[in-house]
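Data block below; observations after.
Protein chains get the first letters and strands the later ones, always in sequence-line order, with residue 1 at the start of each.
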Amino acid sequence: MSKVLPAEGGLRRVIGDGHELPDGEVDLTPEQHLDLYRDLVLLRTYDERSVVYHRQGRIGTYAIFWNHEAMQAGSAFALEERDWIFPSYRESAIGLLRGLPASTVLSWWRGHPAGWWNPEKWGVASICVPIATHVPHAVGFAWGSRLKGDDRVAIAYFGDGATSEGAFHEGATFAGVFNAPAILFCNNNQWAISTPVSAQTAAATLADKAIGYGMPGVRVDGGDVLAVYEATREAVARARGGDGPTFIEAVTYRAAPHATADDPSIYIDEERVEEERENECVGRYERYLKRFDLLTDAQVEEIRAEGLELMRAGIAEAEAEPPADPGLVFEHAFADPPASFRDDLAELRRILGG
Amino acid sequence: MSKVLPAEGGLRRVIGDGHELPDGEVDLTPEQHLDLYRDLVLLRTYDERSVVYHRQGRIGTYAIFWNHEAMQAGSAFALEERDWIFPSYRESAIGLLRGLPASTVLSWWRGHPAGWWNPEKWGVASICVPIATHVPHAVGFAWGSRLKGDDRVAIAYFGDGATSEGAFHEGATFAGVFNAPAILFCNNNQWAISTPVSAQTAAATLADKAIGYGMPGVRVDGGDVLAVYEATREAVARARGGDGPTFIEAVTYRAAPHATADDPSIYIDEERVEEERENECVGRYERYLKRFDLLTDAQVEEIRAEGLELMRAGIAEAEAEPPADPGLVFEHAFADPPASFRDDLAELRRILGG
Amino acid sequence: MAELLLVEAVNDALHIEMERDGTVMVIGEDVGRLGGVFRATAGLHERFGADRCVDTPLAEAGILGAAVGLCMAGWRPVCEMQYDAFSYPALDQLINHVGRYRWRTRGKMSFPLVIRMPYGGGVRAPELHDDSPETYYVHTPGVKVAIPSNPADAKGLLAAAIRDPDPVVIFEPKLHYRTGKAEVPQGEHVVPLGEARVAREGTDVTLVAYGAMVPLAERAADALDAEASIEIVDLRTLKPLDEDALLASAAKTGRVVVIQEAPRTCGFAAEVAAVLAEKAIYDLQGPVLRVTGYDVPYPYWQIEDAYMPSVERVVDAVRRLLAA
Amino acid sequence: MAELLLVEAVNDALHIEMERDGTVMVIGEDVGRLGGVFRATAGLHERFGADRCVDTPLAEAGILGAAVGLCMAGWRPVCEMQYDAFSYPALDQLINHVGRYRWRTRGKMSFPLVIRMPYGGGVRAPELHDDSPETYYVHTPGVKVAIPSNPADAKGLLAAAIRDPDPVVIFEPKLHYRTGKAEVPQGEHVVPLGEARVAREGTDVTLVAYGAMVPLAERAADALDAEASIEIVDLRTLKPLDEDALLASAAKTGRVVVIQEAPRTCGFAAEVAAVLAEKAIYDLQGPVLRVTGYDVPYPYWQIEDAYMPSVERVVDAVRRLLAA
Ligand SMILES: Cc1ncc(C[n+]2csc(CCOP(=O)(O)OP(=O)(O)O)c2C)c(N)n1
Ligand SMILES: Cc1ncc(C[n+]2csc(CCOP(=O)(O)OP(=O)(O)O)c2C)c(N)n1
Ligand SMILES: [Mg+2]
Ligand SMILES: [Mg+2]
């Protein structure tokens with residue numbers, strides 16, 4: 001049986017601190033715990049390596065998700081394979097949890113066509129770069145699946161800033177009205193680039209926004225992978241059971257730059273960042289698992305090594321991609337391209353060749 | 001002292017039914033009551049005559065506001081002259097309460113340039129035809145006024161359907177964040193053309209949406225002019241006092257077609273309409289005033305006659321407007337029109353003249 | 001053949017295509033019980049049920065955004081925008097997603113959605129019920145755009161749009177929704193996208209038009225009957241453009257007037273003129289003239305006729321061209 | 001004169017105009033403490049305070065809609081859109097309100113707002129950081145549009161925009177924000193809207209360009225040095241267009257290539273070509289060629305150079321034109 005605890009600020013929590021804060025429990029087998037841990041480490045490794053690859057000039061601008069891994073892995077762990085994930089740039093690598101190759105995601109950040117995957121194959125929609133515009137996609141997908149008699153669920157990830165966008169509002173409104181089996185998962189890392197959540201909304205909490213859409217709003221400690229898992233599991237059950245959408249606000253604090261191009265020192269509270277880094281989500285889960293004797297140091301080593309190996313292979317594979325053919329410019333826009341594309345391509349080839 | 005009563009569905013109410021439902025009271029002098037009654041009758045007369053003028057082909061398509069008068073007059077009565085009103089098409093004639101000539105509004109519905117007024121002169125923004133897009137205007141105005149050190153308040157009127165639009169959401173978010181002295185006044189007539197509010201949102205009430213913007217949400221009986229007045233007066237006081245925006249949901253039931261072009265018989269509940277028509281807002285106030293001996297039959301006659309006379313004069317004036325010069329097509333788009341306008345106009349005049 | 005109004009032809013196409021393909025659904029504001037403010041979707045709700053003809057919340061970006069997701073779930077949504085100028089909140093979804101999502105999946109997923117809306121002026125309506133927004137759509141990569149000028153094409157182009165694997169936008173000339181019945185093929189009727197129609201053959205001057213400007217061009221041609229032999233090219237599809245038909249007519253007449261009711265700058269007439277300036281320059285016997293709406297806010301309806309291209313303005317352009 | 005990067009020139013203009021006029025305020029996402037993701041608004045928050053340099057919620061329609069209201073309250077808001085493709089949620093406010101509100105008041109009220117944003121490709125960025133959306137703006141009645149190509153014009157056009165009584169949109173070529181310092185007049189510097197600039201005099205072929213395409217045109221002209229005398233017209237303002245300058249150059253050279261990085265159909269090059277086809281047809285000694293982006297989604301950055309107009313494509317067009 002699960003035991004979820006209320007925490008500071010009404011956040012749901014499972015993982016304690018090993019001292020005063022007691023641990024809760026969730027309904028996972030030891031193997032599942034290890035799988036979840038593996039997911040967390042995989043994302044962490046992906047993220048840390050990506051920052052290095054960026055510095056080495058091997059990938060372009062990159063949106064760091066350091067310490068967001070618990071939100072991503074915990075929620076995704078509550079899904080079935082047939083459920084769909086609608087990521088923002090912040091969840092660029094979430095497909096890894098479903099076996100999407102690291103080289104694919106790395107290629108995306110390398111601006112190489114090999115980075116654009118088939119959403120149907122992985123149940124992971126394309127990375128959404130504009131803020132919040134994928135919320136209606138997820139809702140439309142969930143609604144459409146229900147109309148088809150499927151029991152698939154869709155989850156959309158977005159940030160605290162995203163909740164100010166009209167697209168979020170319209171998507172959430174549709175979700176409520178059509179009772180869509182959708183989960184609106186808000187990563188509240190308390191910053192939209194340099195804008196703190198206090199300047200983003202006057203709402204007391206982001207979860208409060210759910211009331212306006214007639215759906216439950218749940219607040220959870222975003223650094224607690226098990227609390228995130230539990231909250232999402234409940235939301236998935238609700239959705240699949242025909243009880244409609246849920247808004248989940250997972251609260252954390254952005255402890256890294258917004259992206260590789262960003263310099264947060266201008267605006268962020270460095271002390272708060274330090275605190276957060278010390279209490280980062282992978283270590284928290286690691287210590288929890290060790291308290292329950294579910295994880296050994298040897299396993300930690302092995303899992304980390306696995307992750308590193310996957311990344312080494314991934315970047316090698318991405319870098320081994322043949323240069324993209326300029327002719328791709330004219331592909332994939334239409335099933336049946338207009339004649340003008342053929343002419344334009346011929347001209348381009350003539351000029352490039354000449 | 002005012003005495004506002006809770007009513008069915010948690011709606012604030014002042015006016016009773018003369019039988020079981022007791023009357024409340026508001027802080028208005030007998031003269032003010034008469035003024036407010038005059039406002040109500042003026043709007044009612046405007047609306048009823050407009051429907052007739054439309055049938056006579058003297059104005060074009062017209063958005064009927066029959067039984068919305070209490071919401072408009074009650075709220076506007078709580079404003080000071082320096083406060084600004086941002087109307088939708090449903091409040092097209094609200095400027096009348098500030099002395100804007102009936103002929104102007106009639107000209108608007110006649111598609112004649114004389115219908116376009118100077119917002120600064122009346123403190124009434126232009127009629128907003130697209131849904132909800134004026135909410136950020138009102139909020140920007142209120143915020144900007146506060147920044148200037150003014151104590152002006154802005155009120156935006158919109159419908160239940162409007163609360164689904166992204167523009168509403170973004171405007172409301174800005175209002176909360178900038179603590180704008182704005183009132184978001186939602187006329188919940190329970191229909192957006194043929195779409196009932198139950199298909200518009202899954203929220204329990206529209207006022208609940210206010211929580212997501214960190215502002216109070218108030219529900220009031222939209223057929224009760226005094227309850228509307230009271231709620232708005234409080235909101236104005238809050239706004240002017242620096243305590244920020246308020247969302248007011250005034251609940252009524254649309255008891256007339258959406259507009260002259262609409263045939264609601266296809267979708268509406270005719271019995272409910274009948275009920276509403278019997279309990280319409282002007283009669284309710286009239287009976288209230290009579291119960292308190294604040295209004296005589298003679299005064300009713302006189303005030304109605306005044307309204308009719310104003311409309312007679314208004315339509316005559318509107319119809320006496322000289323035909324608009326086609327050259328107006330090129331005016332007012334820019335302070336300093338580009339050379340091409342001059343050439344286009346010359347060409348047009350040559351052709352029209354020829 | 002049946003005699004139908006343009007809006008009835010639209011309705012007919014929706015009935016037939018929804019019958020034919022169980023994945024076609026109609027979504028929009030007031031499309032259900034009311035059957036749309038112009039009655040274009042009348043009867044669908046009764047016939048196909050509330051799940052396939054859906055009244056949505058009042059949120060255009062929500063409609064188009066949800067449609068993207070519906071495609072991903074295997075539907076072919078036909079989205080109604082209630083009016084031209086009320087489609088603008090959805091432009092963000094159009095540009096950043098509708099036009100790009102197939103590309104994003106490297107062609108692995110299709111987005112067979114349709115956006116249809118009444119467009120255009122001349123109907124004596126309040127502000128913002130008169131726009132001709134085709135430029136915003138036609139400039140956007142990844143979407144096709146068609147604009148019928150008559151009932152048969154309204155049916156056939158819509159059917160083609162619904163069957164197309166890619167996003168198609170159809171603008172329906174609301175001015176002509178009910179101006180007259182015309183023959184419309186019964187049953188399935190498809191007018192392929194990308195094929196212009198020579199609405200009238202002539203030898204002296206070509207009028208290039210689409211949508212509500214085609215009947216106008218015809219009236220202008222009638223007025224010029226004694227003076228010149230006018231050819232009228234009804235583009236029907238703006239994107240992909242039938243360049244061959246355009247260039248053939250320009251080669252034949254050497255004189256072209258392009259008509260469009262949208263504001264002039266970067267309107268579709270500019271594109272037509274640019275194609276001619278690039279590919280027909282040696283055929284042209286005079287300037288390419290544009291008769292368009294002006295670069296001003298669409299005016300109060302009492303003077304909208306001064307804004308709209310008129311027979312007089314078209315005739316004047318043709319005469320100037322012939323005299324050049 | 002000072003030597004400034006383009007983005008520094010923008011920043012300089014903002015400082016000077018905000019100093020000059022206490023009603024100018026800057027609003028947008030991250031414009032405050034961060035000074036904008038490109039640092040275009042750096043220092044304004046410190047100098048003029050949080051009330052005049054305002055970090056807004058993440059809501060572009062809210063930004064532009066609020067700006068309309070701010071104008072009504074007596075402010076001159078300068079709105080930053082963080083990137084080109086993220087301005088689309090605000091198009092609805094632009095088209096239905098920003099471009100129409102002065103007209104709605106019959107000229108009684110002014111809406112002296114500015115929208116400025118980085119635009120354009122070639123910067124190796126993730127999806128949707130590369131758009132050239134000028135058509136959406138330039139087609140909209142009631143707004144002016146300017147696109148500087150160098151630091152001095154970036155400063156001067158922005159100053160003109162801020163002082164203009166009407167809405168002005170400025171697209172800043174992000175590719176050239178930091179590519180090189182150039183001389184910029186110190187203190188107040190205004191480049192009037194509506195005046196093109198002959199960036200280079202020549203006699204054989206005119207290259208018409210704006211924004212990031214001007215330096216490209218210059219490189220192409222250099223490459224063609226031995227073959228042809230190239231004139232370059234930097235439009236600077238797209239609306240109102242300086243037709244006189246355009247027509248004068250076309251009359252002089254008789255051969256015109258128009259360059260634009262936006263997708264081709266209904267891009268601004270089409271408008272330029274249409275103006276030439278209408279008003280310069282007898283001056284033209286060959287077709288008007290367009291070198292543009294293609295009608296496709298802006299691609300993955302590893303092949304973006306194939307999408308962007310290149311020196312090679314411009315040179316090729318010029319050669320074809322000279323051989324025609
Ligand atoms: C529509 C839109 N506007 C602006 C941007 C630029 N932008 C990218 S990330 C970001 C901040 C997003 O903050 P939040 O929603 O909290 O997500 P986080 O990045 O913190 O995960 C902004 C403004 C964008 N991508 N899309
Ligand atoms: C953006 C936009 N979309 C659609 C419309 C068409 N339309 C006009 S009124 C209306 C219904 C509005 O309902 P509601 O907000 O409840 O206001 P009411 O008319 O009931 O006062 C619609 C859909 C519009 N004017 N603007
Ligand atoms: Mg955030
Ligand atoms: Mg309503």
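Both the backbone and the side chain of D:Leu289 come within contact range of chain C, each with at least one heavy atom under 4.5 Å from a heavy atom of that chain. Contacts between C:Tyr300 and chain D at a heavy-atom distance below 4.5 Å involve backbone atoms as well as side-chain atoms. For D:Ala324, the parts lying near chain C are the backbone and the side chain together; criterion is any non-hydrogen pair under 4.5 Å. Using a 4.5 Å cut-off between heavy atoms, D:Gln285 touches chain C through its backbone atoms (N, CA, C, O) alone. Contacts of D:Ser87 with chain C are absent, with no heavy-atom separation under 4.5 Å from either backbone or side chain. Residue contact with chain C, scored on non-hydrogen atoms closer than 4.5 Å, is absent for D:Arg102. Proximity to chain D is limited to the backbone of C:Val296, based on heavy atoms less than 4.5 angstrom apart. There is no contact between D:Leu276 and chain C, counting heavy-atom distances below 4.5 Å.
Two residues are said to be in side-chain contact when any heavy atoms from C-beta on lie closer than 4.5 Å; D:Val275 and C:Arg290 meet this criterion. In this structure, the side chains of D:Asp295 and C:Lys239 come closer than 4.5 Å at one or more pairs of heavy atoms. Counting heavy atoms from C-beta on, the side chains of C:Thr140 and D:Thr265 never come closer than 4.5 Å. C:Pro263 places a side-chain heavy atom less than 4.5 Å from the side chain of D:His139. For the pair C:Glu127/D:Arg100, a side-chain contact is recorded, criterion being any heavy-atom separation below 4.5 Å from C-beta on.
Aromatic ring orientation, C:Tyr136 versus D:Tyr136: parallel (interplanar angle below 30°, classes split at 30° and 60°).
In this structure, C:Asn96 contributes its side chain and D:Leu128 its backbone to no donor-acceptor pair below 3.5 Å.
Among all heavy-atom pairs drawn from C:Gly267 and D:Cys266, the shortest one is O-SG, 3.7 Å. Shortest non-hydrogen contact noted between D:Ala274 and C:Ala270 is CB-CA, 3.7 Å. Shown here for D:Pro287 and C:Tyr282, the closest heavy-atom pair between the two residues is CD-OH, 3.4 Å.
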Ring pair (Phe, Tyr, Trp, His ring centres under 6.0 Å) between D:Trp103 and C:Tyr298, intermediate numbers included: CA-CA 10 Å; D:Trp103 169 87; C:Tyr298 193 95; 9.0 Å; no
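Considering only heavy-atom pairs separated by less than 4.5 Å from chain D, the leading option among C:Glu271, C:Glu60, C:Lys279 is C:Glu271. Between chain C and the options D:Leu238, D:Asp131, D:Val256, D:Asp92, the largest number of non-hydrogen pairs under 4.5 Å is found for D:Asp92. Heavy-atom pairs under 4.5 Å with chain D peak, among C:Gly286, C:Ala273, C:Pro89, at C:Pro89.
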